[in-house]
Amino acid sequence: AQTVTQSQPEMSVQEAETVTLSCTYDTSESDYYLFWYKQPPSRQMILVIRQEAYKQQNATENRFSVNFQKAAKSFSLKISDSQLGDAAMYFCAYRTPPYNTDKLIFGTGTRLQVFP
Amino acid sequence: DSGVTQTPKHLITATGQRVTLRCSPRSGDLSVYWYQQSLDQGLQFLIQYYNGEERAKGNILERFSAQQFPDLHSELNLSSLELGDSALYFCASTPTGGADTQYFGPGTRLTVL
């Protein structure tokens, strides 16, 4: 069964600095999707970034980028120029292939604190 | 704003009761997913509907059921509620349920006393 592991329950960063959140996953599939979702205190789940496993190029969305290492089954999120509004829970998620079920499997989350 | 709406925002009820949570997907989205977020179980997939039909089931209890109506809104019914059912329930939607990104609603916080 597929699993997603986030080994850092909490992380902290100074405003304007860079922080990297770790995520590893386990799967026997070759085609899948990976996501990072942000959950601020409002509890809304907000998509941060998405990566297709067949793409070698790492996804980037403004200050957010990923380091996708398919062989190592690693999918880390880098936040550059951290802002106070980045403080939230961050969840890594794996999406099963379309020919199976479409559910998202989530990690346990990393709470990111941003200090001024 | 993801375009997915959920009502009510908060629900407080007693053990043994039954509640219905409602979700309206983004305009044009055919697929709806339900997730439960609790302190001890984290975020778990419950069930998926696609264009009115059940497509996938996760760790959904027999006391829970869902359906998707012709206008594509979905309802999650929770019955014989227990204290452990207290959680945040999310609905998400996608256009086709394939490789699309899931966009989440704001959630319904259920408290069972």
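Just so we're on the same page: letters track the sequence lines, and every chain starts at 1. Bear in mind that the values here come from a model prediction, so they are computed numbers and not experimental data. Values reported hereafter were calculated over all heavy atoms of this structure, with side chains retained and with hydrogens, waters and symmetry mates removed.
Checked by atom type and distance alone, the side chain of A:Q44 never pairs as donor or acceptor with a backbone atom of B:D1 at under 3.5 Å. At least one donor-acceptor pair closer than 3.5 Å links the side chain of B:Y35 to the backbone N or O of A:L104.
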Just distance, no hydrogens or angles: give the donor-acceptor pairs under 3.5 Å from side chains in residues 77-91 of chain A, sequence neighbours left out.
{"residue": "A:S82", "atom": "OG", "partner": "A:E17", "partner atom": "O", "Å": "2.8"}
{"residue": "A:D86", "atom": "OD1", "partner": "A:R63", "partner atom": "NH2", "Å": "2.9"}
{"residue": "A:D86", "atom": "OD2", "partner": "A:R63", "partner atom": "NH1", "Å": "2.8"}
{"residue": "A:D86", "atom": "OD2", "partner": "A:R63", "partner atom": "NH2", "Å": "3.3"}
{"residue": "A:D86", "atom": "OD2", "partner": "A:Q83", "partner atom": "N", "Å": "2.8"}
{"residue": "A:Y90", "atom": "OH", "partner": "A:D86", "partner atom": "O", "Å": "2.6"}

Show me the side-chain donor-acceptor pairs of residues 109-116 of chain A shorter than 3.5 Å, one per line, residues at least two apart or across chains.
{"residue": "A:T110", "atom": "OG1", "partner": "A:Q6", "partner atom": "NE2", "Å": "3.4"}
{"residue": "A:T110", "atom": "OG1", "partner": "A:Q8", "partner atom": "O", "Å": "2.6"}

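Across B:F90 and A:R43, no two heavy atoms sit closer than the pair CZ-O, 3.1 Å.
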request  = Start with the C-alpha gap between A:Y37 and B:Q102, add the side-chain angles, then the distance that decides, and say whether side-chain contact (heavy atoms from CB on, under 4.5 Å) holds.
outcome  = CA-CA 10 Å; A:Y37 281 88; B:Q102 294 182 24; 3.9 Å; yes
task = Check the pair B:T101 / A:F35 against side-chain contact (heavy atoms from CB on, under 4.5 Å), numbers first and verdict last.
result = CA-CA 9 Å; B:T101 296; A:F35 304 84; 3.6 Å; yes
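At a 4.5 Å heavy-atom cutoff, the contact between B:L43 and chain A is made by backbone and side-chain atoms alike. Neither the backbone nor the side chain of B:Q44 has a heavy atom closer than 4.5 Å to any heavy atom of chain A.
Distance check: B:F104 CZ to A:M45 CE gives 5.0 Å after rounding to the nearest 0.5 Å.
The neighbour count for B:L39 CG, taken as heavy atoms of other residues, nucleotides or ligands under 6.0 Å away, does not exceed 12. The 12-atom threshold is exceeded at CG of B:D71, counting heavy atoms of other residues, nucleotides or ligands nearer than 6.0 Å.
Placement of A:V4 and A:V66 within a single hydrophobic cluster is found when ILVMFWY residues are connected by side-chain heavy-atom separations under 4.5 Å, directly or transitively. By the rule that hydrophobic residues join a cluster once side-chain heavy atoms approach within less than 4.5 Å of another member, B:L88 and B:L110 end up as members of separate clusters. In the hydrophobic clustering of this structure, B:I60 groups with B:V112; members are Ile, Leu, Val, Met, Phe, Trp, Tyr whose side-chain heavy atoms approach within less than 4.5 Å, directly or through other members.
Put simply, the side chain of B:F45 does not reach to within 4.5 Å of the side chain of A:I105, judged on heavy atoms.
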